[in-house]
Amino acid sequence: QVQLVESGGGLEQAGGSRRLSCAASGRVFSIDYMAWFRQAPGKQREFVALITSGGSGNYADSLKGRFTISGDFARNTVYLQMNSLKPEDTADYYCNARIAGQEYWGKGTLVTVSS
């Protein structure tokens, strides 16, 4: 079994920065990709960013330039650097990964951005 554990959430002021981490543990044999999604209150979960084990990254168009995804696959860890935070970035941020062909989700970490 694989577990994904997010960390780094909390309260941040608008304009500030925050770095989220997600570590995969357990039977992590082959990571295809790791990604971040988010779900704001009352809204559907949405894609944020993805990075493949080869280092290719993809972003939601609306977040390009403010958010940066990076990965340390030797440590089975992915990061999300969030800059110039806005109140509308307030959401639960979920780690997602496909490992050996199976998809896994973390339980999420809450980021609250105050105006």
Side-chain angles (χ1 to χ4, degrees):
Q1 192 58 281
V2 171
Q3 297 81 39
L4 301 179
V5 178
E6 304 95 336
S7 61
L11 178 63
E12 190 61 61
Q13 289 189 334
S17 297
R18 200 118 190 135
R19 188 193 197 205
L20 305 182
S21 301
C22 169
S25 63
R27 299 174 66 84
V28 183
F29 294 122
S30 176
I31 297 177
D32 299 320
Y33 63 76
M34 297 185 79
W36 290 95
F37 287 72
R38 70 182 184 182
Q39 187 166 17
K43 295 188 177 181
Q44 289 188 328
R45 192 172 295 188
E46 64 175 357
F47 171 74
V48 173
L50 174 151
I51 186 166
T52 67
S53 59
S56 297
N58 287 301
Y59 296 89
D61 287 343
S62 62
L63 299 176
K64 285 180 182 177
R66 290 199 300 124
F67 288 17
T68 301
I69 191 169
S70 60
D72 182 349
F73 289 96
R75 292 182 170 82
N76 300 329
T77 301
V78 66
Y79 305 96
L80 184 69
Q81 178 67 41
M82 305 183 294
N83 298 327
S84 302
L85 284 165
K86 305 175 181 180
E88 50 263 44
D89 294 320
T90 294
D92 284 303
Y93 284 74
Y94 295 91
C95 183
N96 168 263
R98 191 171 72 193
I99 299 171
Q102 288 201 323
E103 189 176 29
Y104 298 91
W105 289 92
K107 294 183 178 180
T109 185
L110 177 63
V111 174
T112 302
V113 183
S114 64
S115 58

Might you work through the side-chain hydrogen bond (donor to acceptor under 3.5 Å, both in side chains) test for Q102 and Y104, ending with a clear yes or no?
CA-CA 7 Å; Q102 288 201 323; Y104 298 91; 2.9 Å; yes
Set of residues satisfying side-chain contact (heavy atoms from CB on, under 4.5 Å) with respect to D92, sequence neighbours excluded
Y94, L110
Testing the basics here: between S84 and S17, what is the closest heavy-atom pair and its distance to 0.1 Å?
N-OG, 4.3 Å
Got a donor-acceptor contact below 3.5 angstrom from the R18 side chain to the G8 backbone?
yes
With hydrophobic residues grouped by side-chain heavy-atom distances under 4.5 Å, do I69 and L85 end up in a single group?
yes
A24 to I99 - nearest heavy-atom pair and separation:
CB-CD1, 4.3 Å
Are F73 and V78 close enough, and set up right, to give a side chain to side chain contact (heavy atoms under 4.5 Å, CB included), and what steps lead you there?
CA-CA 8 Å; F73 289 96; V78 66; 5.8 Å; no
Checking side chain to side chain contact (heavy atoms under 4.5 Å, CB included) for the pair F47/N96: CA distance, chi angles, key distance, verdict?
CA-CA 10 Å; F47 171 74; N96 168 263; over 6 Å; no
So E6 and L20, side chain to side chain contact (heavy atoms under 4.5 Å, CB included) or not? Walk me through it.
CA-CA 7 Å; E6 304 95 336; L20 305 182; over 6 Å; no
Table please: side-chain donor-acceptor pairs of residues 26-43 below 3.5 Å, with sequence neighbours left out.
{"from": "D32", "atom 1": "OD2", "to": "R98", "atom 2": "NE", "distance (Å)": "3.1"}
{"from": "D32", "atom 1": "OD2", "to": "G101", "atom 2": "N", "distance (Å)": "3.4"}
{"from": "R38", "atom 1": "NE", "to": "E46", "atom 2": "OE2", "distance (Å)": "2.6"}
{"from": "R38", "atom 1": "NH1", "to": "D89", "atom 2": "OD1", "distance (Å)": "2.9"}
{"from": "R38", "atom 1": "NH1", "to": "Y93", "atom 2": "OH", "distance (Å)": "3.0"}
{"from": "R38", "atom 1": "NH2", "to": "E46", "atom 2": "OE2", "distance (Å)": "3.1"}
{"from": "Q39", "atom 1": "NE2", "to": "K43", "atom 2": "O", "distance (Å)": "3.0"}

According to a hydrophobic-cluster definition based on side-chain heavy atoms being under 4.5 Å apart (Ile, Leu, Val, Met, Phe, Trp, Tyr only), do I51 and Y59 belong together?
yes
List the atom of V111, the atom of G9, and the distance in Å for their closest heavy-atom pair.
CG2-CA, 4.0 Å
Rounded to the nearest 0.5 Å, what separation is found between the OG atom of S115 and the CD atom of Q13?
9.5 Å
Count I, L, V, M, F, W, Y as connected when their side-chain heavy atoms are under 4.5 Å apart, and connections chain through other members. Are V113 and F67 then in the same cluster?
yes
As a quick check of understanding, evaluate side chain to side chain contact (heavy atoms under 4.5 Å, CB included) for K86 and R66, giving each step before the final call.
CA-CA 10 Å; K86 305 175 181 180; R66 290 199 300 124; 3.8 Å; yes
Output the distance between atom CZ (R75) and atom OG (S25), rounded to the nearest 0.5 Å.
15.5 Å
